[in-house]
Structures are given as C-alpha cells and as structure tokens.
Colleague: 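Pasting a structure below so you can have a look.
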Protein chains: 2
Amino acid sequence: MQGRAKATRRSLLEAAAQLFEERGYAGTSISDISALSGRTSGAIYFHYACKENLALAVMEEVFDTWPALVRRHREADIPALEKLVALSFSVARAFRDDVVVRGGSRLWAERKSVDASLPSPFEGWIETVVALLEEAGREGVLTPSVSPRKAGNAVVYAFFGLHTVSDALDGREQIEERLHDLWLLLLPALQAHPGATSLLDRAHAHLAGTPGTQA
Amino acid sequence: MQGRAKATRRSLLEAAAQLFEERGYAGTSISDISALSGRTSGAIYFHYACKENLALAVMEEVFDTWPALVRRHREADIPALEKLVALSFSVARAFRDDVVVRGGSRLWAERKSVDASLPSPFEGWIETVVALLEEAGREGVLTPSVSPRKAGNAVVYAFFGLHTVSDALDGREQIEERLHDLWLLLLPALQAHPGATSLLDRAHAHLAGTPGTQA
C-alpha cells in the first residue's frame with residue numbers, strides 16, 4: 001500500500017475507534033467519522049466500504065497488537081512469572097491509553113449488537129498465560145499443587161474482570177493500582193516460595209528499563 | 001397492586017428480559033415484547049410507558065435479587081469463607097439460569113448504548129465481599145498479610161471476569177466448574193491454614209442442604 005493511502009486508513013481507523021469508544025457502534029455514523037478525521041465520506045467508503053468493516057478493522061488491529069507484545073515479553077531474559085506480571089501491566093496500560101484498544105474493547109463488550117461477528121480474545125490469552133505458568137513450573141517456582149491450565153484460566157478471568165470493574169468504577173484511571181493489588185492476592189497462590197512484593201518490584205523495573213514493553 | 005396487574009407486569013418483565021438477553025436493548029421492540037408475552041402493546045405502555053422503563057425495571061429486579069440472597073447467606077451458621085464461596089455459587093447459578101438476571105447482565109454490558117442510566121453493581125458486591133473477608137479475619141482464618149479491602153476488590157474482579165469469559169466461551173454452561181477452579185486458586189491465598197478443597201466441599205454441602213440459597 002502507498003504511504004499516503006496507509007496514513008489515510010490509519011487516521012480513519014483511529015477516528016472510528018475513538019467514536020466507537022465514546023458513542024458505541026450503533027451511535028457512530030460514517031459522517032461522524034468523516035467529521036472527526038477530516039476525510040470525506042467518499043474516502044471512508046473507498047477504503048473500508050462500510051461501518052461494519054471499520055469495526056472489524058479496529059478489532060483486527062487490536063488482535064494484531066497482542067502477539068508482538070506477548071513475544072517481546074516472552075523473549076525477555078527474566079523468570080516466567082515476572083514476564084507474566086510485566087505483560088499484564090503492558091496490556092493494562094494499552095487498555096487505558098491506546099485509543100484503538102479502547103474502541104475495540106467497547107465494540108467487543110457490545111459485540112452481540114454489532115453486525116460483524118467479532119473474534120473472542122480469551123482463547124489466545126488463556127493459552128499465553130498457561131504457557132507462562134508451565135514455564136514457571138519448569139523453573140521450579142510454581143506451587144506444586146497448582147495446575148497451569150486451571151490457574152491460567154483463573155488468571156485470565158481475574159484480569160478481564162479487573163478491566164470491566166476498573167472501567168465502570170473510575171474509567172480505568174486506577175487500573176495499575178488495582179492490578180498491583182490483584183497480583184498481591186494471586187502471586188502467593190502461584191508462587192512455591194514467598195516473595196510477591198519483590199517479584200512485582202522486579203517486573204516493574206524490567207518494564208521501566210525495556211523499550212517496547214511499555215504498552 | 002392487584003394480583004392480576006402484578007402478574008401482567010411480571011410476565012412483561014420476563015418477556016422483555018428474555019428479548020434483551022437474546023437481541024439486546026436496541027434490537028428489542030415493544031411489539032416483540034407484545035408478541036412474546038401475549039399481551040397487547042397497549043398493556044405494555046400502560047404498565048411501563050416505554051422500553052427504557054422496562055430496561056430499568058429489569059435492572060432494578062436484578063439489583064433487588066441480591067440483597068435478600070446475600071442476607072440469607074450471611075445469616076447462615078457457617079464460617080465466613082464458606083458463606084462467601086456458597087454465595088458465589090448461588091450468584092453464578094442465577095446468571096446461568098435466571099432469565100431476568102441474564103437480561104440484566106446483557107443490558108449492563110451494553111449500558112453505554114442504553115438511554116437509561118443504569119446503576120453499577122460493583123460497589124455493592126465489593127462491600128459484601130470485604131465484609132465477609134473481615135468476618136473471616138475475626139474468625140482468625142484469613143492470611144494475616146491479606147487486606148480484606150484489597151482482596152475483596154480482587155475477588156470481585158475475578159468473579160465478574162469469570163462471568164464474561166464463561167459467557168463468551170460456552171454460554172456459561174461450565175460456569176460452576178470454572179468457579180470451582182477459580183476458588184482453588186484464590187482460597188489458598190486467603191486461608192491462613194490449608195484446606196481449600198474441604199472448604200469447597202462444605203460450602204457445596206451447605207448449598208445443597210439449605211432452601212433459599214440455591215440461587
């Protein structure tokens with residue numbers, strides 16, 4: 001794709017995501033997207049054909065964000081539980097700060113009322129967390145009675161519930177503090193040996209010192 | 001209210017809740033509710049005036065369900081952590097089996113697109129869980145380093161995330177198994193002394209033997 005066409009598509013995608021987040025799918029019209037992006041309705045139809053395709057493109061963009069982020073965290077030279085904690089903070093920041101991720105999040109919450117059939121994010125996240133917990137098991141730091149699969153499911157429930165509650169209570173403003181408190185409860189259950197607080201500190205130090213893991 | 005008027009309002013409420021769950025707020029019309037309930041549109045306007053009021057009535061009915069359920073569980077003559085676990089299973093069953101709760105759940109997920117301003121359920125649930133954890137603390141069975149408030153928040157995140165993920169992955173069919181696995185992760189973090197499995201068994205025995213705590 002030409003550079004200019006790519007820039008146009010990106011600006012349309014971001015304007016659509018912002019409106020989907022603020023007004024929902026049903027409450028957003030092509031002319032709203034045109035007004036916010038400063039592009040003509042003709043350009044929108046040319047690049048995306050219809051609103052449904054824009055919603056799908058927002059969701060695909062969100063789903064494309066995660067594999068690269070997961071890979072960067074998984075490849076880090078730190079213990080698996082620290083990778084998991086650092087990854088969770090990166091994702092939380094994306095949900096708080098990234099307009100496309102936020103738009104995709106509201107589209108997904110209202111997915112049953114969107115015409116397009118939107119993919120579910122949970123299977124992929126469960127597999128990612130299970131793999132990291134299995135890695136922690138091989139490192140000998142996972143509580144022996146913990147099943148990586150069952151615990152991986154539970155971690156994903158807790159993490160996505162955190163997003164819902166945090167969005168409802170304070171627009172995700174306190175999501176990092178809430179995530180910290182969540183890990184203070186979960187880590188002692190996962191860790192064979194005590195040390196939740198120092199693990200959280202190391203994960204934060206890793207995040208602060210590694211470009212590309214911020215969000 | 002007369003008995004017959006009450007029965008009419010109830011049948012309208014249940015029909016509306018079922019349609020809100022299946023088609024969402026925007027996808028449900030007064031004539032759909034009329035067709036499903038077998039009552040005239042005139043009756044609907046007479047009793048509820050508009051669709052928005054029906055949505056509010058469904059939500060109010062859900063919110064009215066919880067205090068009585070919480071009270072029955074809190075008054076049970078069992079340890080606080082068993083009350084909390086038993087309550088969580090009662091609520092999970094309501095989300096799986098009760099048409100009004102299910103309708104309210106979808107309305108709430110799509111609340112930003114519903115005209116009426118719907119209340120948030122989270123503050124009330126957080127206070128309930130914090131109170132039960134404080135009670136467990138007084139009973140001397142809570143891990144000393146656990147803060148009832150922080151842990152109470154985290155339990156509510158995990159529980160509501162469970163509902164979202166369970167709804168997305170299998171229409172809540174496996175919600176009890178998933179909840180069981182969630183408690184197997186959370187209880188060892190909450191309990192000062194081991195015994196998650198036997199606590200879960202006792203909570204289930206209590207649920208099975210106590211009328212009015214089923215859902």
Side-chain angles (χ1 to χ4, degrees), chain A residues 20-28 106 108-114 118-123 125-126 143 145-147 149-169 174-175 177-191 194 196-197, chain B residues 20-28 106 108-114 118-123 125-126 143 145-147 149-169 174-175 177-191 194 196-197:
Chain A
F20 290 149
E21 209 247 321
E22 289 168 6
R23 308 180 186 181
Y25 179 75
T28 299
R106 175 151 178 199
W108 198 84
E110 299 181 354
R111 67 197 175 283
K112 291 174 182 170
S113 294
V114 176
L118 301 175
S120 151
F122 299 123
E123 290 89 343
W125 281 118
I126 290 171
T143 307
S145 62
V146 163
S147 142
R149 181 145 300 274
K150 290 180 178 185
N153 271 273
V155 166
V156 170
Y157 307 151
F159 188 76
F160 276 91
L162 166 77
H163 282 279
T164 309
V165 178
S166 180
D167 185 30
L169 292 185
Q174 296 176 42
I175 196 161
E177 294 85 336
R178 293 180 186 278
L179 182 56
H180 186 91
D181 292 344
L182 177 64
W183 281 122
L184 283 183
L185 183 69
L186 294 180
L187 282 173
L190 296 171
Q191 287 179 292
T197 312
Chain B
F20 289 149
E21 210 247 319
E22 290 168 6
R23 308 178 186 182
Y25 179 75
T28 299
R106 175 151 177 200
W108 199 83
E110 299 181 353
R111 68 196 174 283
K112 291 176 183 169
S113 295
V114 176
L118 301 175
S120 151
F122 298 123
E123 289 89 342
W125 281 118
I126 289 172
T143 308
S145 62
V146 163
S147 142
R149 180 144 301 273
K150 290 180 179 183
N153 271 273
V155 166
V156 171
Y157 307 151
F159 187 76
F160 276 90
L162 167 76
H163 282 278
T164 309
V165 177
S166 181
D167 186 31
L169 292 184
Q174 295 175 43
I175 195 160
E177 295 86 337
R178 293 180 186 278
L179 182 56
H180 186 91
D181 291 344
L182 177 63
W183 281 122
L184 283 182
L185 183 69
L186 294 181
L187 283 173
L190 296 171
Q191 288 178 293
T197 312

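As a basis for the values below, the full set of heavy atoms in this structure was taken, side chains included, without hydrogen atoms, waters or symmetry mates. Quick note on labels: first sequence line is chain A, next is B, and so on, each numbered from 1.
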Colleague: At a 4.5 Å cut-off on heavy atoms, which part of Ala26(B) comes close to chain A: side chain, backbone, both, or neither?
Modeller: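 Neither part, no heavy atoms under 4.5 Å.
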Colleague: Mind ranking Arg106(B), Arg23(B), Glu123(B) by heavy-atom pairs under 4.5 Å with chain A and telling me who comes out on top?
Modeller: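 Sorted descending by pairs with chain A, the first entry is Arg106(B).
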Colleague: Is there a side-chain contact (heavy atoms from CB on, under 4.5 Å) between Thr164(B) and Phe160(A)? Walk through the geometry before answering.
Modeller: CA-CA 8 Å; Thr164(B) 309; Phe160(A) 276 91; 5.7 Å; no
Colleague: Taking every non-hydrogen pair under 4.5 Å, which of Val165(B), Ile126(B), Val155(B) racks up the most with chain A?
Modeller: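 Greatest number of close heavy-atom pairs with chain A: Val165(B).
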Colleague: Please report the closest heavy-atom contact between Ala168(B) and Trp108(A), naming both atoms and the distance.
Modeller: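 The answer is CB-CH2, 3.7 Å.
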Colleague: Could you grab the distance from atom CD of Glu177(B) to atom CG of Asn153(A), nearest 0.5 Å is fine?
Modeller: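 These two atoms lie 11.5 Å from each other.
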Colleague: Name the one of Leu182(A), Leu185(A), Asp181(A) that satisfies side chain to side chain contact (heavy atoms under 4.5 Å, CB included) with Lys150(B)?
Modeller: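 It is Asp181(A); the other options fail the test.
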Colleague: Between Leu169(B) and chain A, which part of the residue has a heavy atom less than 4.5 Å away: side chain, backbone, both or neither?
Modeller: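 Contact with chain A is through the side chain of Leu169(B) alone.
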Colleague: Which region of Arg178(B), side chain (C-beta onward) or backbone (N, CA, C, O), has a non-hydrogen atom less than 4.5 Å from a non-hydrogen atom of chain A, or is it both or neither?
Modeller: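 For Arg178(B), backbone and side chain are both near chain A.
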